[in-house]
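Working notes for the structure below.
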Amino acid sequence: MASTIPDPAQCASRLRASVSLLARQLRSGSTTPDAPSVAKLSVLGQLHQHGPCTPTVLAGLERVKLQSLTRLLAELEAEGWIGRSAHPTDGRQWLLSLTPEGTRRLKAIMRTREAALAEAIGATLSEDQRALLLEACELIDGIAATLGSNAKAPRP
């Protein structure tokens with residue numbers, strides 16, 4: 001008789017597929033003509049989550065080469081999303097951070113996307129299923145923490 005307990009590889013495959021689909025839907029869900037690209041949103045999200053950091057650290061968080069970010073960072077700065085300031089201990093480097101306007105705009109995008117997600121959850125899931133979803137989120141957070149501890153980027 002076959003086991004009914006799913007193996008880790010089966011769980012990993014299913015979780016990756018589900019998270020990828022949800023992430024794609026969330027990224028494309030509230031696209032407006034003036035909305036930043038997926039790449040820009042990713043950088044903005046890193047700055048929102050981690051706070052001010054050097055371009056090198058940001059490239060590490062994004063897992064791209066610094067050269068790949070140069071144009072994108074210049075565009076974000078020109079568009080008023082981010083600003084730069086002198087590094088407090090290394091005069092050769094800059095610290096990048098969200099501007100107040102960038103923070104406001106990013107939070108507005110996040111609220112719009114979370115509202116769409118909340119609407120879909122409310123329309124799709126029962127109370128018991130929503131409770132189960134929150135439990136699953138805790139499990140996913142634990143998995144992400146384990147994966148993250150294997151690939152730490154240096155801080156500024």
Side-chain angles (χ1 to χ4, degrees), residues 1-55 57-65 68-69 71-73 75-83 95-156:
M1 181 171 185
S3 172
T4 60
I5 300 173
D7 68 38
Q10 179 184 7
C11 291
S13 179
R14 184 68 175 91
L15 178 60
R16 183 202 49 76
S18 294
V19 169
S20 294
L21 175 61
L22 180 60
R24 276 193 307 277
Q25 293 295 329
L26 288 172
R27 281 193 303 264
S28 66
S30 64
T31 304
T32 60
D34 61 338
S37 69
V38 171
K40 287 180 180 180
L41 275 177
S42 183
V43 167
L44 295 169
Q46 294 290 359
L47 288 172
H48 179 71
Q49 181 179 0
H50 297 283
C53 58
T54 66
V57 168
L58 191 56
L61 292 169
E62 285 291 292
R63 295 186 177 151
V64 297
K65 292 182 179 174
S68 302
L69 279 184
R71 190 180 100 233
L72 187 127
L73 293 173
E75 290 173 6
L76 286 170
E77 188 173 13
E79 294 165 1
W81 287 93
I82 64 171
L95 284 180
L96 302 170
S97 60
L98 290 171
T99 62
E101 177 65 11
T103 299
R104 185 194 65 73
R105 291 163 61 192
L106 181 61
K107 285 184 177 182
I109 291 168
M110 290 166 42
R111 278 191 305 273
T112 300
R113 291 179 180 190
E114 285 179 7
L117 184 57
E119 185 176 324
I121 289 170
T124 307
L125 303 179
S126 69
E127 288 180 14
D128 289 343
Q129 289 171 321
R130 291 194 303 266
L132 186 60
L133 179 60
L134 288 177
E135 289 179 35
C137 289
E138 289 181 31
L139 296 173
I140 292 168
D141 289 346
I143 293 166
T146 298
L147 289 172
S149 68
N150 295 332
K152 289 285 185 191
R155 289 297 297 158

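Residue numbers run from 1 in the order of the sequence given.
Note that CD of Glu114 and CZ of Arg111 are 9.5 Å apart. Values are rounded to the nearest 0.5 Å. For the atom pair Thr99 OG1 and Leu76 CG, the distance stands at 10.0 Å (nearest 0.5 Å). With values rounded to the nearest 0.5 angstrom, Leu133 atom CG is found 4.5 Å from Cys137 atom SG. The CG atom of Leu147 lies 11.5 Å from the CD1 atom of Ile140; values are rounded to the nearest 0.5 Å. Atom NZ in Lys107 sits 13.5 Å away from atom CG in Leu44 (nearest 0.5 Å). The OG atom of Ser68 sits 10.5 Å away from the CD atom of Glu62 when rounded to the nearest 0.5 Å.
Using a 4.5 Å cut-off on side-chain heavy atoms (C-beta onward), Leu15 and Ile143 make contact. Between Leu47 and Cys53 there is a side-chain heavy-atom pair separated by less than 4.5 Å.
In this structure a side-chain-to-backbone donor-acceptor pair under 3.5 Å is present from Gln129 to Ser126. Of the possible donor and acceptor atoms, none in the side chain of Ser13 sits under 3.5 Å from a partner among the backbone N and O of Gln10.
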Query raised in the report: Where do Leu61 and Val43 land on the side chain to side chain contact (heavy atoms under 4.5 Å, CB included) test, with the steps shown first?
Result: CA-CA 9 Å; Leu61 292 169; Val43 167; over 6 Å; no
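Arg113 and Leu41 make their closest contact through NH1-CD1, 3.4 Å (heavy atoms, listed as atom of the first residue, atom of the second, distance). Here the shortest heavy-atom pairing between Arg105 and Glu79 reads NH1-O, 3.2 Å. What you find for Ile82 and Leu73 is that their closest heavy atoms are CD1-O, 3.6 Å. The minimum heavy-atom distance between Leu106 and His48, with the atom names listed, is CD2-CB, 3.7 Å. Of all non-hydrogen atoms in Pro36 and Ile109, the two that sit nearest each other are CD-CD1, 3.7 Å. Nearest heavy atom pair, residue Pro55 against residue Leu69, reads O-CD1, 4.4 Å.
Salt bridge present: Arg104 and Glu101 bring a charged side-chain N and a carboxylate O closer than 4.0 Å.
The environment of Arg14 atom CZ is sparse: at most 12 non-hydrogen atoms of other residues, nucleotides or ligands sit within 6.0 angstrom.
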